[in-house]
Amino acid sequence: MIVLKTSRELAVMREAGRISAMALKVAGEAVEPGVSTWEIDRVARKYIESQGAVPSFLGYGGFPASACISVNNVVIHGIPSKRQIVKAGDIVSIDIGAMFEGFHGDNAYTFPCGDIAPQAQRLLDATRESLYEGIKQAKAGNRLGDIGSTVQRYVEARGYSVVRDFVGHGVGAKLHEDPSVPNYGTPGRGVRLLPGMTIAIEPMVNQGGYEVQVQKDGWTTVTRDGKLSAHFEHTVAITPDGPVILTKPE
Ligand code: MG
């Protein structure tokens, strides 16, 4: 069931989104050679709690941290660890959600650590741009397939692939709500978008093939071919005036 939000609820979600976005920003600023992914997670958690919010991911399905931190060939759901030290040349995907007054924000960004290879930078640029192209399609009257097909076309035209096994989602009082928001699809197909819907659009883009594999810990999801993967996400509201990004830093 898709829950439409009232304007009052959207105002709360905007604040949850701001907190999520700022937590992502400070986490990104902590990315530098020699830092552990555990330390990056702690920075994010501290910020969220300083705002009177709760990290959405902490304990969700048993997830042990506030942020998912996924380095290089890890696509999503990387578990922060004191033993994992990031180094120059790595790409570091950070996914963070915050719950404020009963509503969630959810966003992700892949940060370069120091200088990265040009082909890694191209992957980051293409993935980030594909998200914004997808967001442009998130308007009332369009369908989910318009978002997914736009992301897919943008990414595949640049020689990359979109992950199939994981998709975006509705977001609101629950972190994951209906509908599913795939990063692939057919224009004009799927659920029709209505004002009051709030969705997380989150392209996960692989340098090589789209196949992924979940490791034994039950979380860490890697590319099957070992190549790089990037992840960018915003929480977006469908409004009569077009798409509104809720996960904006102040
Ligand atoms: Mg999400």
Side-chain angles (χ1 to χ4, degrees), residues 2-3 5 13-14 16-25 27-28 41 44-45 48 53-70 74-80 92-100 102-111 127-128 130-132 134-135 137-138 144 147-148 151-152 155 162-185 190-191 193 197-206 212 214 218-221 229-238 243-249:
I2 297 172
V3 184
K5 281 76 177 181
M13 284 194 67
R14 199 185 283 266
R18 183 195 66 80
I19 296 166
S20 304
M22 283 301 295
L24 184 57
K25 184 166 182 280
D41 178 72
R45 179 176 180 165
I48 291 169
V54 175
S56 302
F57 299 176
L58 187 61
Y60 185 89
F63 191 77
S66 299
C68 297
I69 305 184
S70 308
V74 181
V75 181
I76 48 167
H77 299 168
I79 301 173
V92 183
S93 298
I94 305 180
D95 190 350
I96 294 182
M99 185 183 71
F100 179 75
F103 286 89
H104 295 273
D106 188 5
N107 62 174
Y109 195 100
T110 303
F111 297 93
T127 308
R128 190 182 58 244
S130 77
L131 168 60
Y132 287 103
I135 290 172
Q137 299 298 320
L144 278 175
I147 298 175
V151 171
Q152 181 178 15
V155 163
V162 292
V163 170
R164 309 291 201 273
D165 289 359
F166 295 89
V167 297
H169 51 93
V171 54
K174 286 195 271 181
L175 179 61
H176 293 117
E177 297 184 345
D178 287 337
S180 289
V181 182
N183 298 297
Y184 53 89
V191 169
L193 302 173
M197 283 186 187
T198 45
I199 54 175
I201 305 175
E202 51 176 319
M204 290 150 261
V205 175
N206 292 354
V212 300
V214 180
W219 288 106
T220 311
T221 301
S229 186
H231 182 204
F232 288 78
E233 174 180 30
H234 273 306
T235 298
V236 177
I238 318 297
V244 173
I245 296 174
L246 299 175
T247 37
K248 274 217 170 113

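Quick note: residue numbers are just sequence positions, from 1. Whatever order the structure lists ligands and atoms in, that order sets their numbers, starting from 1. Computed from a predicted structure; not experimentally measured.
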Taking it one step at a time, do Q137 and L193 satisfy side chain to side chain contact (heavy atoms under 4.5 Å, CB included)?
-> CA-CA 10 Å; Q137 299 298 320; L193 302 173; over 6 Å; no
Measure across I48 and A98 and return the closest heavy-atom pair with its distance rounded to 0.1 Å.
->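 Heavy atoms of I48 and A98 come nearest at CG2-CB, 4.0 Å.
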Name the atoms and distances for all side-chain donor-acceptor pairs under 3.5 Å in residues 165-173, with sequence neighbours left out.
unit_1, atom_1, unit_2, atom_2, d
H169, ND1, L175, O, 3.1
H169, NE2, D106, OD2, 3.0
H169, NE2, E202, OE2, 3.1

Excluding sequence neighbours, so at least two apart, what forms ring pair (Phe, Tyr, Trp, His ring centres under 6.0 Å) with Y109?
->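 For Y109 the ring pair (Phe, Tyr, Trp, His ring centres under 6.0 Å) partners, ignoring immediate neighbours, are F111, F232.
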Which protein N, O or S atoms lie under 2.8 Å from the Mg ion (ligand 1), given by chain and residue number?
->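 N, O, S partners closer than 2.8 Å: D106 OD2, H169 NE2, E202 OE2, E233 OE2.
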Of all residues at least two apart in sequence or in a different chain, which pass the side chain to side chain donor-acceptor pair (under 3.5 Å) check with S70?
->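 Checked S70 against side chain to side chain donor-acceptor pair (under 3.5 Å); zero matches.
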Okay, side chain of T221, backbone of V214: is any donor-acceptor separation there less than 3.5 Å?
-> no
